[in-house]
Each structure stands twice: as structure tokens, then as C-alpha cells.
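Structure record follows, encoded as C-alpha cells.
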Number of protein chains: 2
Amino acid sequence: MTIPPETDAPPVRGKRPKQGEPVVDRALSLLAVFSDRRRALTLSELARYADMPAPTALRLIARLVAWGALERLDDGRYVVGVRLWEVASLSPRGHGVREIALPYLEDLFEVTRHHVLLAVRDNEQAVLIERLSSRDATEVAYRVGGRAPLRSTAVGLVLLAGADHQFQEAILRKPPEDEPGVAALPEGQVRRTLSDVRRTGIAMIRRTAPSRTVSVASPIFDAQGSVAAALSIVVPDGSTPPNVLAPAVRAAARAVSRNLGHQAEVSSDVWTHSQG
Amino acid sequence: MTIPPETDAPPVRGKRPKQGEPVVDRALSLLAVFSDRRRALTLSELARYADMPAPTALRLIARLVAWGALERLDDGRYVVGVRLWEVASLSPRGHGVREIALPYLEDLFEVTRHHVLLAVRDNEQAVLIERLSSRDATEVAYRVGGRAPLRSTAVGLVLLAGADHQFQEAILRKPPEDEPGVAALPEGQVRRTLSDVRRTGIAMIRRTAPSRTVSVASPIFDAQGSVAAALSIVVPDGSTPPNVLAPAVRAAARAVSRNLGHQAEVSSDVWTHSQG
DNA sequence: CAATGCTATTCCATCCAATGAAAGAGCACT
DNA sequence: AGTGCTCTTTCATTGGATGGAATAGCATTG
């Protein structure tokens with residue numbers, strides 16, 4: 001589609017395409033283009049997905065590459081760079097909890113030989129921080145660095161239960177994003193579930209896809225007593241009964257909490273804080 | 001090249017502080033301020049370390065926070081955000097190799113119960129991508145996300161040996177950054193060592209600080225046959241003899257290489273490629 | 001409790017970095 | 001030689017970025 005080069009009377013005076021957006025935002029939007037499915041991108045792909053002219057994209061990318069946020073492959077495509085990963089490894093809620101939790105995740109993993117997950121909440125979703133899996137374990141839905149819904153995963157429910165009340169209400173008001181293999185609970189039942197989670201320190205979810213599994217999750221508390229993360233184990237449905245797993249999961253989560261500086265409550269109520 | 005339009009301009013007129021630097025670079029320099037020792041910073045600290053006026057820093061930080069590259073703590077300080085960590089998890093040389101290598105690292109770890117390390121090269125240093133440690137293992141010098149010198153660590157030697165010749169020479173010409181607990185090898189001996197590493201697929205380093213340890217490292221190759229990463233094990237000096245560890249380390253490294261798409265050579269020469 | 005010293009935030013007139021169309025260069029396929 | 005694509009460079013225009021100055025907040029001090 002080539003427009004006749006003449007048209008000497010440009011209707012809109014040049015144009016007003018995309019100006020007005022801060023440069024930093026544009027640079028960040030280039031980073032945001034990368035995803036699980038898009039790990040290596042060409043200049044034109046980046047420009048297209050980030051919705052900016054190629055020269056602009058190129059200029060910004062050049063800066064990102066110079067710093068190390070992106071790296072250029074031999075074939076000219078761009079990927080996320082090690083330097084960015086390095087800085088990101090300083091994220092307290094990313095690598096931070098992960099570092100502290102890993103030994104306990106490993107213990108749990110070695111004993112059970114099933115998937116062990118660690119997740120934190122970011123806005124309205126859970127972000128998977130760590131996953132330990134034996135090579136022959138059942139298929140699992142999420143990858144490290146990926147996102148999962150709050151309402152329909154075990155870690156999500158734990159994180160949601162630990163969020164302040166106002167946030168919970170906001171989430172409950174929204175229509176549930178339906179998740180393959182998980183029956184969407186009606187609002188009332190979610191409320192009851194969240195209350196159970198707070199009381200017992202355990203959330204369970206049964207999935208039928210991508211495979212039939214049961215997840216058991218428990219909260220990890222920080223020094224302020226708020227829920228900083230959630231730890232869970234995922235086993236094939238019908239293998240170990242969930243109530244057998246629960247104590248191990250809770251124990252692991254408590255161990256991590258302690259290492260985060262959390263003072264365990266004397267009370268039997270596991271969850272007395274952080275109800276905004 | 002711009003010719004000075006007119007020299008009549010007032011000499012410094014107020015000042016010419018820092019202008020002229022691309023905004024993106026400034027934003028990135030804010031991220032670069034974070035380090036192992038500086039994980040949570042105030043606005044003024046960020047402005048000071050990144051060498052820019054507070055209002056400028058605040059404006060940029062506001063964009064970074066809005067996107068999720070930074071997060072603001074209750075006390076007003078800023079930390080690296082989960083969103084950045086999430087994007088960084090797409091880094092092929094960061095989480096990428098890590099994801100593929102982890103099961104094999106774990107095997108090695110479970111068998112030996114000693115530190116297992118995974119590192120890639122970034123410019124003139126090795127970046128630690130993963131480290132598995134039992135809680136009671138000997139003290140180790142590096143943390144995940146941290147950097148280590150190429151000339152005086154086992155993984156570093158492996159990565160250096162796998163770099164193109166021109167780069168190797170550049171490194172060898174530089175004075176060795178002396179590393180606590182490691183005897184700096186003279187240039188000639190480093191050359192010989194690198195050649196040995198290429199021949200045997202094994203590098204060894206003995207340290208005396210922070211504790212007396214022996215490291216044994218082996219290269220991980222990608223599909224193109226170049227050294228993508230290095231895997232090593234760190235044991236207390238005097239425990240398992242290094243030559244007993246070597247086969248296990250090499251086997252683990254080869255397993256990872258295979259999963260990266262590397263076609264093992266039929267020849268006994270483990271290392272025939274990537275000599276620029 | 002005024003004074004001091006710090007950090008965080010808002011404001012705004014100035015100006016330079018950012019912008020993107022256009023054109024050129026390179027490459028693959030026809 | 002022609003077509004269609006992506007990547008790169010150039011450059012005149014302009015709007016976002018800039019940072020000093022002022023304000024607000026908040027401890028600590030005399």
C-alpha cells in the first residue's frame with residue numbers, strides 16, 4: 001500500500017501518531033514485547049508489537065543493547081540480556097524469597113518427588129518464582145516467570161486470602177477468568193474458601209487439565225506478618241491424599257517464613273494479621 | 001559532527017551539568033545503581049549514585065515504578081520489581097540455560113551434596129546463573145546474579161577457554177584482577193591451562209579463601225558448538241579428590257549440552273570449534 | 001518550639017534530545 | 001531486472017525532558 005508521494009496537502013499536518021509518550025515508557029514497552037512465546041525478535045517485530053516506527057525502535061533498542069538489557073543474536077534478532085537478568089536477580093520479591101526458600105523447597109521436593117512451586121502476587125495475578133520438577137513428573141501448567149490467576153490456583157488462593165480486604169473485594173467483583181481444567185467457583189464459595197484458607201493455612205485446588213492433579217498450598221509470611229509468597233506442591237490426583245501432604249507443605253512454608261523474619265504466632269490462629 | 005554554530009554563546013551559562021545523555025541511558029543507570037549491597041534505595045540515594053538531580057531521578061523512577069521495573073516499599077524506598085524479574089526470566093542466557101540445566105544440576109547436587117554452580121560469560125566476567133547448596137555446605141564466594149573473574153575461577157577458565165581467540169588475548173593482556181584466596185597465575189601458565197581445559201573439558205581451581213575449596217568445572221555447549229555456559233562443583237579441599245569428581249561434572253555438562261541441541265563430537269577431541 | 005538539616009515533591013520557562021518521514025542499502029526470492 | 005521485505009542513516013522540526021527554585025514534610029537538635 002503505497003500512497004501517492006504527492007498529496008502535497010497532508011490532511012493532518014504531518015501526523016500526530018504516537019508522540020506524547022515518555023521515552024522511558026516506550027523503551028519499557030519494547031521490553032514488554034518479549035514473552036514466553038516471543039523470546040527472540042527482529043527489529044520489525046519489536047517495532048510492530050510495540051507500535052512504533054522502526055527508526056524509533058532501533059534507536060531505543062540500540063541504547064538497551066549498549067547497556068545489556070537486550071542482546072543481539074548472530075541472526076540479527078534481539079533477546080533479553082544477561083545484564084537485565086542480573087539486575088532483576090536483586091528483586092526482593094523475585095530472587096529474594098526464592099533464595100531463602102530454595103533449600104526448603106528442595107527438601108520438600110526430595111521427599112515427595114512432585115512439583116514444588118513458589119509464587120508471589122503482582123497486581124491481580126500470581127507470578128511463579130520457582131518450580132522444582134523431576135524430569136518425569138506430570139505435566140504442569142505454569143513456567144517460572146509466568147503468571148497464573150488468583151482465583152483458580154492453590155497459590156493464587158493463598159495469595160488472595162493474604163491480600164487486604166479491599167483488594168479481595170475488587171477481585172471477587174470481577175468475572176472469574178476461566179482457567180482450563182478448573183471449575184470456576186461461585187463468588188460465595190470463593191469467599192468461604194478464602195476464609196478457610198486463612199483459618200487452616202492451607203489451600204487446595206483440583207485440576208483436570210493439562211492433567212489431573214491436586215495442588216496444596218500454604219502461605220509464607222514476612223517479618224511484618226503479611227503474606228509474602230505462597231508455596232505449593234502439585235501431585236497427580238489420586239496419588240498421595242491431600243491431607244497427608246498438607247502438614248509437609250505447611251511445615252516447609254513455616255520454615256521459610258521463619259527465615260524471612262516472621263515471628264510465629266503463639267495463638268492457634270495462623271493468620272491474624274494483614275486484613276486491611 | 002556539528003560545527004559550533006556561533007561561539008558567542010555564554011561560556012557555561014548557568015551550567016552544563018549532565019545534559020546530552022539519552023533519557024533511556026539515564027533510566028537504565030538508575031537500575032544499575034542497585035547491587036547486592038544496595039537492594040533498597042531512597043530517592044536521594046538513587047539520584048546521588050546515578051549522578052542526576054533529584055527531580056529528574058524522581059520523574060524517571062515514576063515511569064519505572066508505573067511499569068513495574070521498580071517497586072516502592074512502605075518506607076518510601078525503591079527496590080527492583082517483580083515485573084522486571086519476569087521479563088528477565090525470558091533471557092536465554094539467564095533463565096534459559098538455567099531452566100534446561102537445573103535437573104542435571106540437581107542430580108549432581110543430590111549425589112555429592114556439595115555446591116553446584118552454573119555460569120555464563122558476560123563481557124569480561126562470569127555471571128553466576130544458578131547455585132545449589134545444602135544449608136550446611138562450606139561458605140562459597142559468589143551469589144546467584146553475582147559476577148566472578150574469568151582468570152581465577154573454574155567456571156571462568158572454562159568460559160575463557162571457550163571464547164574466541166581475540167577475546168582471550170585481550171583478557172590475557174590485562175593485569176589479572178587479584179582474587180582473594182586464589183594465586184594469580186602468570187600469563188604463560190594461564191595459556192597452558194586454557195589449552196588443557198580445551199583438551200580435557202575440565203578446569204580446576206584451588207582456593208584458600210573464603211574457605212579451602214577445590215572447584216571442578218566443565219563446559220556446556222550450545223547447538224552451534226560454542227561454549228554457552230560452564231558448570232562446576234565446589235568441594236572442601238581434601239575431601240573428594242578432584243579426579244573423582246571430574247567424570248561426574250563432565251557427564252552432567254554433556255547432558256546439559258545435549259539438551260541445548262549440541263551434537264557430541266565423535267572425535268575424542270572434546271573441543272574442536274569456536275576458536276576465532 | 002523555633003531552628004536546622006534532611007528528603008521528597010511540585011512548578012515551570014528554556015531548550016535540546018527525540019522524532020519519524022524519506023531515502024538508501026542489503027538481501028532473498030522470482 | 002524486478003519485487004518486497006527488513007535494516008539503517010539522515011535531518012529538519014518540535015514537544016518532552018530538564019533542573020533550579022520553591023514548597024512541603026519530617027525528623028533531630030538546641
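Each chain gets a letter, A, B and so on, in the order the sequences are listed, and its residues count up from 1. In what follows, every heavy atom counts, from backbone to side chain, and hydrogens, waters and symmetry copies are set aside.
- Scored by the side chain to side chain donor-acceptor pair (under 3.5 Å) test, A/R59 finds no partners at all (sequence neighbours excluded).
- Axis angle between the ends of the helix from C/dC1-D/dG30 to C/dT30-D/dA1, five pairs each and rounded to 10 degrees, works out to 40°.
- Applying the salt bridge (charged side-chain N to carboxylate O under 4.0 Å, His left out) criterion to B/R77, with sequence neighbours excluded, gives B/D75.
- Legend: residues meeting side chain to side chain donor-acceptor pair (under 3.5 Å) with B/T42, ordered by chain and number and at least two apart, are B/S44, B/E45.
- Remark: A/D25 pairs with B/R63 by the salt bridge (charged side-chain N to carboxylate O under 4.0 Å, His left out) rule, at least two apart or across chains.
- Straight-line distance from the CD atom of A/E21 to the P atom of D/dG15: 16 Å, rounded to whole Å.
- Ring geometry, A/W85 versus A/H95: the interplanar angle exceeds 60°, so the pair is classed perpendicular (tilted spans 30 to 60°).
- Across the protein-nucleic acid pair, B/D25 atom CG and C/dA18 atom C1' stand 13 Å apart, rounded to whole Å.
- Remark: P of D/dA17 and CG of B/L60 are 9 Å apart, rounded to the nearest angstrom.
- Using a cutoff of 4.0 Å between basic side-chain nitrogens and carboxylate oxygens, B/D51 and B/R48 are not scored as salt-bridged.
- The nearest whole Å value for the distance from the CG atom in B/L73 to the C1' atom in C/dA8 is 16 Å.
- Contacts of B/R173 classified as side-chain contact (heavy atoms from CB on, under 4.5 Å), with partners at least two apart in sequence or in another chain: B/E169, B/A170.
- By the salt bridge (charged side-chain N to carboxylate O under 4.0 Å, His left out) test, A/R38 pairs with no residue at all, sequence neighbours left out.
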When you check every protein heavy atom under 4.0 Å of nucleotides 6-13 of chain D, what one-letter string (B, S, -) results, 5' to 3'? SSBB----

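- For D/dG16, the base has no donor-acceptor partner in the side chain of B/R59 [N/O atoms by modelled type, under 3.5 angstrom].
- The side chain of B/R63 places no N or O atom within less than 4.0 Å of a non-bridging phosphate oxygen (OP1 or OP2) of D/dG16.
- D/dA17 atom C1' lies 16 Å from atom CD1 of B/I61, rounded to whole Å.
- For the pair B/R26 and D/dA17, the criterion of a side-chain N or O lying under 4.0 Å from OP1 or OP2 is not met.
- For B/R258, there are no side chain to side chain donor-acceptor pair (under 3.5 Å) partners two or more places apart in sequence or in a different chain.
- Scored by the side chain to side chain donor-acceptor pair (under 3.5 Å) test, A/S257 finds no partners at all (sequence neighbours excluded).
- Straight-line distance from the CG atom of B/L64 to the P atom of D/dA17: 12 Å, rounded to whole Å.
- Residues forming a salt bridge (charged side-chain N to carboxylate O under 4.0 Å, His left out) with B/D122 (at least two apart in sequence, or on another chain): B/R93, B/R147.
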Expected string for nucleotides 25-30 of chain C under the B/S/- scheme (protein heavy atoms, under 4.0 Å, primed atoms plus P, OP1, OP2 as sugar-phosphate) is ------

